[in-house]
**Q** 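Starting off with a structure, shown below.
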Amino acid sequence: MKEYLVFLAQQHPNFRLAEIHALAQLIDLEVDLSQHDPTTPFLIVKIADEEKAKKWLSRAILTKAIYELWGHGDTEELLHQDVKARKEMNEWSKYEQSSFKFDFQGYQGSRPNKSKVKIMERFAYLPFEGPIRMKDPDEVFTVVEHYVPVTEHDSAEAPSHLYFGRLVSLTGRSTGMLEKYDLKKRNYIGTTTFEAELSLVSCNLAHVSPGDFMYDPFVGTGSFLVAGAAYGALTVGSDIDGRLIRGKGNNTKMQNDSEGKSQKKKKQGGEVKDIQSNFKQYGNKELFLDVLTMDFTHNAFRDTLKFDCIVCDPPYGIREGLKVLGARNPERFEGKETVEIDGMKAFLKRDYIPTKKPYALDDMLYDLLQFSSERLPVGRRLAFWMPTANDEDVETLIPQHKNLELVYHLEQVFNNWSRRLLVYVNKGDGFNGEDNRTATCLPEFRKRYFTKGFEKVEDQ
Amino acid sequence: MKFLTTNFVKCSIKTCDATTESFPLKYTNCELIQSSQDFNPDFILSMLDRLDWSALVKVAQDLGNSALPPVKPEGEMLNDVNLLQDLHTLLLETCITEGEMTCQHCGHIYYIKNSIPNFLLPPHLA
């Protein structure tokens, strides 16, 4: 088994470990990740299957690259000793005729170009006879250096550890996915649009893959649809709030003619900004199916329709309250169903706007788990975000369903609240896992986890 | 709303769940546009598994297309590129921009506006 160096991004350490773990599972790669250390971006692993090593992290967001490890050491001298000791293992002779180049990667430091040349010259013992090619070489040999800053403000002169490796694969992160999906450059966004980095990570943890059919039941401005399509899924979304779905520039002015039937006027100039326009921007509009104005709890998808993955960020009331169909004060709506306008029931008219009422988060989460247990094929995943207040004396309670196995429970901490990404696998009827529906119904749960947290947030 | 989506949606009123009449919805007064998409035969093939074929035939008829084979294509038929191309045109390139969808069980009318179907319900039906 060869050793590989995984060069991680020093971002969201708990999420990055979950991401490389999930991506290993996705391709049935057996790899021991127990050496992962959140304080360093370097992880050495052993992998038997070279093809899988190449495939493993190509879509990762919180990792920069993976290298076949040709040697490492605290000093240049030790590095060269180790490289020479691994000569047979790394099959130097295979690369004698390959075109190649050298690359340098530094963590918390770098060296001037002049000294890079010197470093490269000291690798002259390697039997590379092929041409040096800066563009598209067969192989990239990389010196990865770990600098440890002397103080907070002073970077180190010399690296404290050096690695030398043959590049196996770059990742989504190092091939420009974050720049591509940056919200600042996205055509249509709103106040609730989820950031690119963690929406892509969510889709990696949910195993969203080419050919999948992915659903976001709280689609908003479509952040997760865009991320799911980035990994090749056909995506569909729904939201009770039609305004977000409709976007801007689409509001063809409606004019009623004498028969009460609406007619469309030509678009009133201006660029269309909606979810579909984002897919056009990213060049994959074939992966956008539709967005529906719909209350998730009054679902219009036929019962026999399955989804391969469900990824979402339900609206919790930080910006948008959680609403479902129905009247907050039912007595006010009594008898309204008989009201007629122009000989037609008012509620059947094209411009009728139904009333909505608040809904408890725990009820919605349970609905989401139940729906997922019914609609996901066994083995497929649900991933969603949930906020909690940071309160040390309160035990965290995570919703559980008897058919769903919780595989990741990751926390992103902000000043005085945090949000969690929860990922479940549908295990089917025989699983008989924990089911804490009763516990999450307790009023204290609602109060502690949701009301309190939001008051704090909204006070800011 | 793409034609394909008509194969996925039913009446959203819970009391209609138990009946077979709430799917597919009946499509009337529809305005259609064709919007070109890249043809991907594999995509169409994988989508065939998800389709309820009789519903597809019904809705196509509502919208004036009676050219679909009466049973879901399988076996040799799946090698027919023309058939897959036709399905591609129907499922993915045909979009309903305006129209009405009526539940054949309860008679509730849903609207498609600006290409977006709306399944929201009044309080007495929610």
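Every chain is numbered from 1 and lettered A, B, ... according to where its sequence line falls, protein lines coming before strand lines.
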**Q** Has B:Leu45 got more than 12 heavy atoms of other residues, nucleotides or ligands less than 6.0 Å from its CG?
**A** yes
**Q** Can you give me the closest heavy-atom contact between B:Lys2 and A:Leu289, atom names plus distance?
**A** NZ-O, 3.0 Å
**Q** Looking at B:Arg50, B:Gln37, B:Met47, which one has more heavy-atom pairs under 4.5 Å with chain A than the rest?
**A** B:Arg50
**Q** For A:Lys55, look at atom NZ and say whether over 12 heavy atoms of other residues, nucleotides or ligands are found less than 6.0 Å away.
**A** no
**Q** If you look at every heavy atom in B:Ile112 and A:Arg350, which pair is closest and at what distance?
**A** O-NH2, 4.5 Å
**Q** Taking side chain as everything from C-beta outward and backbone as N, CA, C, O, which of these in B:Tyr111 sits under 4.5 Å from a heavy atom of chain A? Side chain, backbone, both or neither.
**A** side chain
**Q** Against chain B, label A:Leu292 side chain, backbone, both or neither, depending on which of its atoms sit under 4.5 Å from a heavy atom there.
**A** both
**Q** So, taking the atom named CD1 in A:Ile245 and the one named OG in B:Ser115, what distance separates them when rounded to the nearest 0.5 Å?
**A** 12.5 Å
**Q** Could you state the interatomic distance from OH (A:Tyr352) to CG (B:Asn118), rounded to the nearest 0.5 Å?
**A** 11.0 Å
**Q** So for A:Phe301, is it side chain, backbone, both, or neither that comes closer than 4.5 Å to the heavy atoms of chain B?
**A** both
**Q** Check whether B:Leu51 gets within reach of chain A through its side chain, its backbone, both or neither, counting any heavy atom under 4.5 Å.
**A** backbone
**Q** Is chain A contacted by the side chain of B:Asp42, its backbone, both, or neither, given a heavy-atom distance below 4.5 Å?
**A** neither
**Q** If we define contacts as heavy-atom pairs under 4.5 Å, which of A:Val236, A:Leu305, A:Val291, A:Asp303 has the most with chain B?
**A** A:Leu305
**Q** Is it the case that more than 12 heavy atoms not belonging to A:Lys356 sit under 6.0 Å from its NZ atom?
**A** yes
**Q** Just wondering, do A:Glu286 and B:Phe43 contact through their side chains at under 4.5 Å, heavy atoms?
**A** no
**Q** Any heavy-atom pair between the side chains of B:His108 and A:Leu348 that's under 4.5 Å?
**A** yes
**Q** Which atoms form the tightest heavy-atom contact between A:Leu325 and B:Ala126, and what is the distance?
**A** CB-CB, 3.7 Å
**Q** Considering only heavy atoms, which portion of B:Asp52 lies under 4.5 Å from any heavy atom of chain A: side chain, backbone, both, or neither?
**A** both
**Q** Indicate the atoms forming the closest heavy-atom contact of B:Lys14 with A:His298, along with that distance.
**A** NZ-CD2, 3.7 Å
**Q** Count the heavy atoms belonging to other residues, nucleotides or ligands that lie under 6.0 Å from CG of A:Asn329, then report whether that count exceeds 12.
**A** yes
**Q** Just do the salt bridge (charged side-chain N to carboxylate O under 4.0 Å, His left out) check on B:Asp49 and A:Lys306 with the steps written out, would you?
**A** CA-CA 11 Å; B:Asp49 292 339; A:Lys306 296 264 184 183; over 6 Å; no
**Q** Crowded around B:Gln34 CD? As in, over 12 foreign heavy atoms under 6.0 Å?
**A** yes
**Q** Supply the atom-to-atom distance A:Leu234 CG to B:Leu4 CG, rounded to the nearest 0.5 angstrom.
**A** 7.0 Å
**Q** Mind listing the closest non-hydrogen atom pair of B:Leu120 and A:Pro354 along with its distance?
**A** CB-CG, 3.5 Å
**Q** Would you say A:Asp295 and B:Leu121 make side-chain contact, with heavy atoms under 4.5 Å?
**A** no
**Q** With a 4.5 angstrom heavy-atom cut-off, could you sort out which part of B:Phe8 is near chain A: side chain, backbone, both or neither?
**A** both
**Q** Between A:Arg302 and B:Asp17, is there a salt bridge with N-O shorter than 4.0 Å?
**A** no
**Q** Determine whether more than 12 heavy atoms belonging to other residues, nucleotides or ligands lie under 6.0 Å from atom CD of A:Glu331.
**A** yes
**Q** Before you tell me yes or no, could you show the steps for A:Thr304 and B:Lys10 under side chain to side chain contact (heavy atoms under 4.5 Å, CB included), namely the whole-Å CA-CA distance, both residues' side-chain angles and the distance that decides it to 0.1 Å?
**A** CA-CA 11 Å; A:Thr304 44; B:Lys10 61 169 176 62; over 6 Å; no
**Q** Counting heavy-atom pairs under 4.5 Å to chain B, which of A:Lys285, A:Met294, A:Lys357 comes out on top?
**A** A:Lys285
**Q** Minimum heavy-atom separation for B:Lys113 to A:Asp351, with atom names?
**A** NZ-CA, 4.4 Å
